[in-house]
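Counting starts at 1 for both ligands and their atoms, following the listed order.
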Amino acid sequence: MVVIAVCSLKGGVGKTSVTLGLVSAARAAGLRTLVVDLDPQGDSTIGLDVDGEAASTSALVIDQPRRRHLRAATRRSHWSDGGHAPIDVVVGGEELARHDRTDLSTRMLTSLRLVLDKVAGEHDLVIIDCPPSLGGLTRIGLTAADRAIVVTEPGVFAIAAADRALRAVHDVRTRLNPHLQPLGIVINRVRANINEHRYRVEELASLFGPLVLTQRIPERTSIQRAQGAYAPIHAFSNTGARESAELFDGILQHALRATRPR
Ligand SMILES: Nc1ncnc2c1ncn2[C@@H]1O[C@H](COP(=O)(O)OP(=O)(O)OP(=O)(O)O)[C@@H](O)[C@H]1O
Ligand SMILES: [Mg+2]
């Protein structure tokens, strides 16, 4: 089991879109995938079109890291329909907001990892969609992860935000989770015809070097269309969707190559 946290300390840059893209790639690769939605907005829960309503949310799993609470908060995604490998979602919800504090105990910070270890044999891949802050929830996600993906946009505030996120990864590794490694920075919503974007992409690459993944995700209506249809991007055959799907395949392969399963 490989656990990847998708984070950024900035809102709306594409964490959930990258999460959904990676799940779509995992589905195409036949991986048994568990998504942990740690965002009180529950966007990845919605995007993954889960079946019915869960009896609880990931908040209860953090409170009491027991296998049965994990099961109660988990729903199957309709993306698994038609004979695909299971895609399950530990659903997000408003109750999570009370965990987004900076004074969480080590017990709370380590709870998600504890419960994931209990079900390690059931999934090949776990993807954690984090909320846009460095409160308790992102720390819980990073403490549970082997690898962190930092998502950023090619904008003027992106560099400081990416730097802060990488520091947070380093901090969690030092204090709580020595296994955690940054997989890299994914630059999302790139428009190659905009000079400012080209400039910021080059700037990120020169500052962060190999940590900037070569898969840069363009701004694409196909990505929005797939999300609007609650469907995996790999299920669409137009050029924009195919190109985006290939980029997510590349990021997933990189993540799996770079991570030694525990
Ligand atoms: N590459 C892209 N091309 C087109 N639209 C995109 C792309 N990436 C993200 N979007 C759109 O931008 C909006 C914000 O993206 P998303 O919800 O993935 O960001 P987020 O970082 O998860 O946000 P939050 O911080 O609220 O969790 C969504 O409407 C999404 O469809
Ligand atoms: Mg999100």
Sub-4.0 Å atoms of ligand 1 with respect to non-hydrogen atoms of Ile223 = 1 (N), 2 (C)
Non-hydrogen atoms of Gly12 versus ligand 1: any pair closer than 4.0 Å?
-> yes
Step-by-step side-chain contact (heavy atoms from CB on, under 4.5 Å) determination, Ile128 to Val3 | CA-CA 8 Å; Ile128 306 172; Val3 184; 3.7 Å; yes
Return yes when atom CZ of Arg198 has more than 12 non-hydrogen atoms of other residues, nucleotides or ligands closer than 6.0 Å, and no otherwise.
-> yes
Does any N/O atom on Asp129 come nearer than 3.5 Å to any N/O atom on ligand 1?
-> no
Hey, is CD on Glu94 packed in by over 12 heavy atoms from elsewhere, all under 6.0 Å?
-> no
Which protein heavy atom lies closest to atom 11 (C) of ligand 1, and at what distance to 0.1 Å?
-> Arg189 NH1, 3.5 Å
Quick one: do Val6 and Leu125 end up in the same hydrophobic cluster if we chain Ile, Leu, Val, Met, Phe, Trp and Tyr together by side-chain heavy atoms under 4.5 Å apart?
-> yes
Does any N/O atom on Thr221 come nearer than 3.5 Å to any N/O atom on ligand 1?
-> no
Does any N or O atom in Gln224 lie less than 3.5 angstrom from one in ligand 1, N or O only?
-> yes
Going by the atom numbers of ligand 1, which of them fall below 4.0 Å from some non-hydrogen atom of Pro132?
-> 25 (O)
Heavy-atom closest pair (Ile4 atom, Ala145 atom, distance to 0.1 Å) is C-CB, 4.4 Å
Atoms of ligand 1, numbered as shown, that sit under 4.0 Å from any heavy atom of Asn188 = 1 (N), 2 (C), 7 (C), 8 (N), 9 (C)
In ligand 1, the atoms that come under 4.0 Å of a heavy atom of Gly11 are 25 (O)
Which residue and non-hydrogen atom of the protein lie closest to atom 19 (O) of ligand 1, and at what distance in Å?
-> Gly14 N, 3.0 Å
Heavy-atom contacts under 4.0 Å between Gln227 and ligand 1: side chain, backbone, both, or neither?
-> side chain
Of Leu38, Val13, Thr16, the residue with the heavy atom nearest atom 17 (O) of ligand 1 is Thr16
Would Ser44 and Asp129 count as having a side-chain donor-acceptor pair, cut-off 3.5 Å?
-> yes
Salt bridge flag under 4.0 Å for residues Asp171 and Arg139 = yes
Residues Asp249, Arg242: salt bridge by 4.0 Å N-O rule | no
Can you tell me which residue and heavy atom of the protein come closest to atom 26 (O) of ligand 1, and the distance to 0.1 Å?
-> Gln41 NE2, 3.1 Å
Can you tell me the protein heavy atom closest to atom 18 (O) of ligand 1 and the distance?
-> Ser17 OG, 2.6 Å
Considering the heavy atoms of Asp39, write down every atom of ligand 1 situated less than 4.0 Å from one of them.
-> 27 (O)
Ligand 1-proximal atoms of Pro218, by part, heavy-atom distance under 4.0 Å = backbone
List the closest protein heavy-atom neighbour of atom 3 (N) of ligand 1: residue, atom name, distance to the nearest 0.1 Å.
-> Arg220 N, 2.9 Å
Measure from atom 29 (O) of ligand 1 to the protein's non-hydrogen atoms and state whether any distance is below 4.0 Å.
-> no
Option passing side-chain contact (heavy atoms from CB on, under 4.5 Å) with Thr74 (candidates Val50, Val91, Leu34) = Leu34
Residues Arg220 and Glu243 bridged, charged N to O under 4.0 Å = yes
Lys10 to ligand 1: N or O pair under 3.5 Å?
-> no
Do any N/O/S atoms of Thr16 come under 2.8 Å of the Mg ion (ligand 2)?
-> yes
Between Gly14 and Asn188, the two heavy atoms sitting closest are CA-ND2, 3.5 Å
